[in-house]
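A quick write-up on the structure given underneath.
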Amino acid sequence: MPTIFSKIVAGEIPADIVYQDERVTAFKDIHPLAPVHILIIPNKEIATVDDVSPEDEATLGHLFVVAKEVARKLGIAESGYRLIINCKGDGGQEVFHLHLHLLGGKKLGSMLAKS
Ligand code: 5GP
């Protein structure tokens, strides 16, 4: 069964897409945690980082090139930003279609919440 993100790639459900090419799609997170919160995903459905294979290397490298370009386009390249990939339960992953969170537009604080 396709993930909700695969349906976004296919245009079957709406999303605010900021970039798309034959390998990746970038769109605004529906519940943004920062002034800029973009999800960048491979169009190919890869469930988690734990499912990555060597043939995905070029696509996954491309995610970072697109992240840099989207950050510049959205005006946060100079001020800085954070890239996050969650993996499985303890990593906090909710949607099992690998995605890079691009967060910025404010000071993001420490890496993890101190408990
Ligand atoms: P995860 O916790 O899996 O790393 O992050 C999943 C992210 O996907 C969350 O930040 C959540 O707000 C976002 N999200 C979930 N469903 C949708 C959706 O239908 N559309 C968009 N644009 N974002 C979604």
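Note that ligands are numbered from 1 as they come in the structure, with each ligand's atoms numbered from 1 the same way. Any value given below was found using the heavy atoms of this structure, including those in side chains, with hydrogens, waters and symmetry copies removed.
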Nearest non-hydrogen protein atom, atom 15 (C) of ligand 1
V95 CG2, 4.0 Å

When the ring planes of F5 and F27 are compared, do they come out parallel, tilted or perpendicular, using 30° and 60° as the limits?
perpendicular

With heavy-atom distances below 4.0 Å as the criterion, list the atoms of ligand 1 near H31.
12 (O)

To the nearest 0.5 Å, what is the distance between CD1 on I38 and CG on D29?
8.5 Å

Heavy atoms of other groups near D90 CG, more than 12 under 6.0 Å:
no

Among E94, K28, H101, K88, which residue places a heavy atom closest to atom 3 (O) of ligand 1?
E94

In the protein, which heavy atom is nearest to atom 13 (C) of ligand 1, and how far is it?
D29 OD2, 3.3 Å

Report yes if some N/O of G92 lies less than 3.5 Å from some N/O of ligand 1; otherwise report no.
yes

d(R23 CZ, L60 CG) to nearest 0.5 Å is 10.0 Å

Under 4.0 Å from any heavy atom of N86, which atoms of ligand 1 are there?
1 (P), 2 (O), 4 (O)

Using a heavy-atom cut-off of under 4.0 Å, does the side chain or the backbone of I85 touch ligand 1, or both, or neither?
neither

Atom 24 (C) of ligand 1: which protein heavy atom is closest, and how many Å away?
I30 CG2, 3.5 Å

Taking everything shown except K68 itself, do over 12 heavy atoms lie less than 6.0 Å from its NZ?
no

Taking the six-membered ring for Trp, are H101 and H99 closer than 6.0 Å centroid to centroid?
yes

Atom 19 (O) of ligand 1: which protein heavy atom is closest, and how many Å away?
I4 CD1, 3.5 Å

Relative to the heavy atoms of H99, which atoms of ligand 1 are at a distance of less than 4.0 Å?
1 (P), 3 (O), 4 (O), 5 (O), 6 (C)

Measure F96 to ligand 1 on non-hydrogen atoms and call it side chain, backbone, both or neither using the 4.0 Å cut-off.
neither

